[in-house]
There are 2 protein chains.
Amino acid sequence: MGTIDLQITRQNASLRILVEDKLRQAISSGRFKPGQRLVERELCELIGVGRTSVREALRQLEAEGLITSYPHRGPVVSTISYEEARQLYSVRALLESFAGQEFAENGSNEEIVALLETVEAFEAAAKSGSGTRIIEAKTAFYDCLMTGSKNVFVKQMLTSLHNRVTLLRMTSMTQPGRLQNSVFEIREIAAAIALRDGDRAAALCKRHIEIAAKVALDYLSKNPVETSE
Amino acid sequence: MGTIDLQITRQNASLRILVEDKLRQAISSGRFKPGQRLVERELCELIGVGRTSVREALRQLEAEGLITSYPHRGPVVSTISYEEARQLYSVRALLESFAGQEFAENGSNEEIVALLETVEAFEAAAKSGSGTRIIEAKTAFYDCLMTGSKNVFVKQMLTSLHNRVTLLRMTSMTQPGRLQNSVFEIREIAAAIALRDGDRAAALCKRHIEIAAKVALDYLSKNPVETSE
DNA sequence: TTTTTGCTGTTTGCAGACAATCGGGTTGTC
DNA sequence: GACAACCCGATTGTCTGCAAACAGCAAAAA
């Protein structure tokens with residue numbers, strides 16, 4: 001009897017949240033390209049909600065850095081320069097290595113088991129070759145990693161950074177051979193965590209991101225991000 | 001005395017931003033205590049703006065973590081538990097030591113000069129004993145430190161963390177003798193940066209925050225944060 | 001050609017309205 | 001008196017119309 005209301009509480013996600021997710025998804029998927037203007041009225045009829053919900057959702061995305069608002073010209077999807085990308089990967093390396101270390105030193109055994117499972121799922125997804133499955137699996141891995149770090153602030157910040165990486169419209173994994181290396185690196189990270197070797201886990205995380213950064217930045221310097229107009 | 005028209009014509013800051021700042025300030029200053037409910041209508045007539053502006057400002061503050069919204073009950077000034085405070089100081093140590101290291105290794109000479117000036121201002125403020133001057137000077141120091149780190153993401157994140165620290169309603173500097181030590185530590189940090197000794201700067205920053213964390217957490221475990229009702 | 005002027009699309013902000021929902025008090029029953 | 005069901009006021013969530021301000025642009029004027 002008491003379990004039925006779960007479905008009901010599910011639906012109490014306010015409209016604003018739904019709009020947020022829709023927009024986030026639209027940006028991540030590339031439907032909205034960096035630089036593109038987001039006209040309020042268009043979004044309203046596109047999503048089918050009133051201005052209030054749209055505007056509040058936009059404020060949220062702006063706070064996350066996914067969009068940038070110019071006074072009296074409205075929001076545009078954020079662009080990210082080469083230099084900013086470099087800085088982004090730099091902090092990401094710092095925070096993820098911290099998360100890895102904390103996980104190794106403070107994570108519960110259950111969390112380690114869960115982490116290993118996400119690694120296996122990631123390997124399977126990589127073999128399958130399905131892009132969406134790979135992204136899902138990688139997201140699950142990071143989610144697990146951040147949760148195990150037992151630091152809500154780190155989790156928040158890393159989530160925000162991950163979202164912004166998608167603005168680059170290129171995961172380092174689209175590079176040939178990169179995916180295989182990525183699988184290997186992640187397996188190593190999980191192994192170090194399972195062995196409770198915090199320093200090694202941190203070093204591996206750092207290295208993992210640094211490699212991804214190098215690939216992404218190299219690509220970026222050759223193929224500038226395609227912006228809308 | 002022809003300055004009057006400046007105030008009116010210069011509304012380049014949108015109303016929403018002004019409301020944000022007002023609320024942020026009200027929370028930081030303790031006018032709104034953690035746990036206190038923020039009723040929309042009250043805020044509207046208190047600040048003298050419409051609901052639109054208030055609501056959008058609230059969304060922004062929510063994204064920053066300064067307030068927490070419960071569905072159909074509205075926003076509440078965030079409370080921060082002992083465990084969260086510990087996590088907060090933990091990330092702060094990580095990010096600030098990173099900032100210190102980057103500053104030492106990549107900061108310009110002009111920025112170093114500016115940093116040293118903020119240190120002197122801080123010392124002067126400490127001697128004066130004026131609470132507001134001390135806070136201002138410390139803010140200026142951190143602002144300089146973050147800018148010199150040449151990483152907008154770090155700056156953003158640290159600013160957010162600093163804002164949230166004020167929710168604890170207690171700067172570690174209210175403890176006897178702590179202010180003097182703080183002055184000394186900051187002088188050491190700046191000195192290390194001026195000498196371009198990145199590792200030492202990082203270590204000193206880390207230590208500085210860890211001490212502040214210890215003081216704050218000890219205080220917190222004895223005097224729980226006073227919340228409104 | 002250059003500057004001024006005015007138009008248009010858009011954001012920004014306000015006010016009012018309505019439904020949904022929550023919390024608390026009241027009522028009714030046992 | 002205790003307890004459940006119920007109702008009501010307060011508040012949020014959402015929509016819509018309206019007015020003002022502004023940016024960009026094109027046409028008009030110098």
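Every heavy atom of this structure was used, including side-chain atoms; hydrogens, water molecules and symmetry mates were not. A note on names: the letters A, B, ... follow the listed sequences, proteins ahead of strands, and every chain is numbered from 1.
What you find for Phe103(B) and Leu145(B) is that their closest heavy atoms are CD1-O, 3.5 Å.
Distance check, rounded to the nearest 0.5 Å: CZ of Arg55(B) to CD of Gln60(B) gives 15.0 Å.
Heavy atoms of Ile17(B) sit nowhere under 4.0 angstrom from any nucleic acid atom. Nucleic acid contact for Arg55(A): base, since at least one base atom lies under 4.0 Å from a heavy atom of the residue.
Arg16(A) places its CZ atom 11 Å from the C1' atom of dT12(D), with the value rounded to the nearest Å. Atom CZ in Arg59(A) sits roughly 18 Å away from atom C1' in dG13(D) (whole-Å rounding). The CZ atom of Arg73(B) sits 15 Å away from the C1' atom of dG13(D) (whole-angstrom rounding). Rounded to whole Å, the distance from CG on Leu38(B) to P on dG13(D) is 13 Å. Per the geometry, CD belonging to Gln36(B) stands 14 Å off P belonging to dT11(D), to the nearest Å. With rounding to whole Å, Leu15(A) atom CG is found 12 Å from dA20(C) atom C1'.
Between the side chains of Lys138(A) and Ser182(A), at least one donor N or O sits under 3.5 Å from an acceptor N or O.
For DNA chain C, the neighbouring residues in residues 40-52 of chain B, judged by any heavy atom under 4.0 Å, are Val49(B), Gly50(B), Arg51(B), Thr52(B).
Listed by chain and residue number, Arg24(A) satisfy the salt bridge (Lys or Arg N to Asp or Glu O under 4.0 Å) test with Glu64(A) (two or more places apart in sequence, or in another chain). For Asp218(A), the side-chain contact (heavy atoms from CB on, under 4.5 Å) partners at least two apart in sequence or on another chain are Lys214(A).
Relative to the ring axis of Tyr89(A), Arg92(A) does not place its NZ or CZ within 45° and under 6.0 Å from the centre.
Along DNA chain D, the nucleotide closest to His72(A) and the one closest to Gly74(B) are compared, and the more 5′ of them pairs with Gly74(B).
In terms of phosphate contacts, Ser14(B) brings no side-chain nitrogen or oxygen within less than 4.0 Å of OP1 or OP2 of dT11(C).
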